[in-house]
Structures are given as structure tokens and as C-alpha cells.
Amino acid sequence: MDKVKVKIVNKSGNALPTYSTVQSAGMDLRAWLDEPVTLAPLERRLISTGVYIELPAGYECQIRPRSGMALKRGLTVLNTPGTIDADYRGEVCVILVNLSGEPQTIENGERICQMVVARHSTVEWEPVDTLEESDRGAGGFGHTGTK
């Protein structure tokens, strides 16, 4: 298993982002709130975490929903996955949305999303006049049917 060192400043007083199990890909990130925040149905809000990170070049951090929160409470990350680039030094904040039919309250220190740190490539475009043929061709949305 690869490990990468990431510098972190935690102003929240909450636990650092942590893996729930040994083989988890995502670390749980916690809300940093002065007081509980209640989201009405279909309301979205930017939630602070108090966490600032410095990723090495060639890495990104993706912010993803927690599946249990989405299933049980209808709370999810709106722009998923949210991407944090290696040169960003601001606070990691999370856009949460309430897709349930009832108000949902988020408490300080509550686990609100997952962070996944991953390598990425930088593209160098190669302009051409045609692309190689493939079995799929230009088949797009739903081209393989439903059964």
C-alpha cells in the first residue's frame, strides 16, 4: 500500500481526517461549526471543516459523500466529487445538500464526507484529424440497452 505525506493544519479542534478501516480509500472529514446547522429540504450550504492541506505536486484530493448519510438522511455532497488541487491552500469546505423531505441538522464534529487523496496525470493534447476505430465507436448514453 502506497503512503504519501500530506501537510495539514487543523484549526477545528476535531480529530484529523481518519480512515474507518484498514483498507478504506476515503478518510472521514468532520464539520467545524459554532452551532448546529439545519438544512431544509433541498437546501444547500457550505460547511466549514477547519482543515487546510498541502498536497504534493501530482496529487489531488476528492471530496465525496458518505454513503450512510446519503441513504439514511438524504444528505450528500453537491459537487461530487469536489476536487482540491495541489496548489490550493484555503480551508477545505464542503457543499452539503439535503435531498430528503425533512430538515436535517449537522452538528460540530459530525463526519460529513470522505476525502480521497489520489495521483493524477497532466494531459498533453495531441491534435489529430481522425481517431482510431473501436468496437464501441460513437455509441453513447444507453447504447448497450437495459438487459
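Looking at every heavy atom in both residues, C93 comes nearest to S48 through SG-CA, 4.1 Å. Listed here is the closest heavy atom pair of C61 and L55: N-CD1, 3.6 Å. Between A86 and A57, the shortest heavy-atom contact is CB-CA, 4.2 Å.
Under the 4.5 Å side-chain criterion, counting only non-hydrogen atoms from C-beta, N98 is not in contact with L42. At a threshold of 4.5 Å between non-hydrogen side-chain atoms, the residues L96 and T76 do not count as touching. Residues V116 and P81 form no side-chain contact, since every pair of their non-hydrogen atoms from C-beta on lies 4.5 Å or further apart.
Every residue two or more places apart in sequence or in another chain that forms a side chain to side chain contact (heavy atoms under 4.5 Å, CB included) with L78 is listed here: R44, I95, V97. For E102, the side chain to side chain contact (heavy atoms under 4.5 Å, CB included) partners two or more places apart in sequence, or in a different chain, are S100, Q104. Residues passing the salt bridge (Lys or Arg N to Asp or Glu O under 4.0 Å) test with E43 are R45, sequence neighbours excluded. L131 pairs by the side chain to side chain contact (heavy atoms under 4.5 Å, CB included) definition with V128, not counting sequence neighbours. Residues satisfying the side chain to side chain donor-acceptor pair (under 3.5 Å) test with S67, not counting sequence neighbours, are none. By the side chain to side chain donor-acceptor pair (under 3.5 Å) test, Y59 is found to be paired with R119, residues two or more places apart in sequence or in another chain being considered. For Q62, the side chain to side chain donor-acceptor pair (under 3.5 Å) partners two or more places apart in sequence, or in a different chain, are E60, R64.
Distance CG/L39 to CD1/I106: 4.0 Å, rounded to 0.5 Å. Of the inter-residue distances, the one linking I47 atom CD1 with L29 atom CG reads 11.5 Å to the nearest 0.5 angstrom. Put simply, CD on E110 and CD1 on I112 are 8.0 Å apart, with the number rounded to the nearest 0.5 Å.
By the criterion of side-chain heavy atoms lying less than 4.5 angstrom apart, applied directly or through intervening Ile, Leu, Val, Met, Phe, Trp or Tyr residues, L99 is not grouped with I63; the two fall into different hydrophobic clusters. Linking Ile, Leu, Val, Met, Phe, Trp and Tyr residues whenever their side-chain heavy atoms come within less than 4.5 Å leaves W32 and I84 in two separate clusters. Transitive grouping of hydrophobic side chains (ILVMFWY, heavy atoms separated by less than 4.5 Å) brings V92 and V6 into a common cluster. The cluster map of Ile, Leu, Val, Met, Phe, Trp and Tyr, joined by side-chain heavy atoms under 4.5 Å apart, puts V117 and V9 in different clusters. Cluster annotation: L75 is connected to M27 through the hydrophobic network of ILVMFWY side chains, with a link wherever side-chain heavy atoms come within less than 4.5 Å.
Here side chain to side chain donor-acceptor pair (under 3.5 Å) pairs that include residues 1-27, with residues two or more places apart or in two chains, are N10-S12, S20-D28, T21-S24. The salt bridge (Lys or Arg N to Asp or Glu O under 4.0 Å) contacts involving residues 121-135 comprise nothing, where partners must be two or more places apart or lie in separate chains. The list of salt bridge (Lys or Arg N to Asp or Glu O under 4.0 Å) pairs with a residue in residues 29-40, not counting sequence neighbours, is empty. Residue pairs meeting the side chain to side chain donor-acceptor pair (under 3.5 Å) criterion with at least one member in residues 78-92: none, sequence neighbours excluded.
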Original post:
Does the pair I53 and M115 meet the rule for a side chain to side chain contact (heavy atoms under 4.5 Å, CB included), with working shown?
Top reply: CA-CA 11 Å; I53 60 176; M115 298 176 68; 4.1 Å; yes

Subject >> Full working for side chain to side chain contact (heavy atoms under 4.5 Å, CB included) between M69 and R111 >> reply: CA-CA 9 Å; M69 240 178 134; R111 295 176 299 157; over 6 Å; no

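A donor-acceptor distance shorter than 3.5 angstrom exists from the side chain of T49 to the backbone of V51, with no hydrogens or angles considered.
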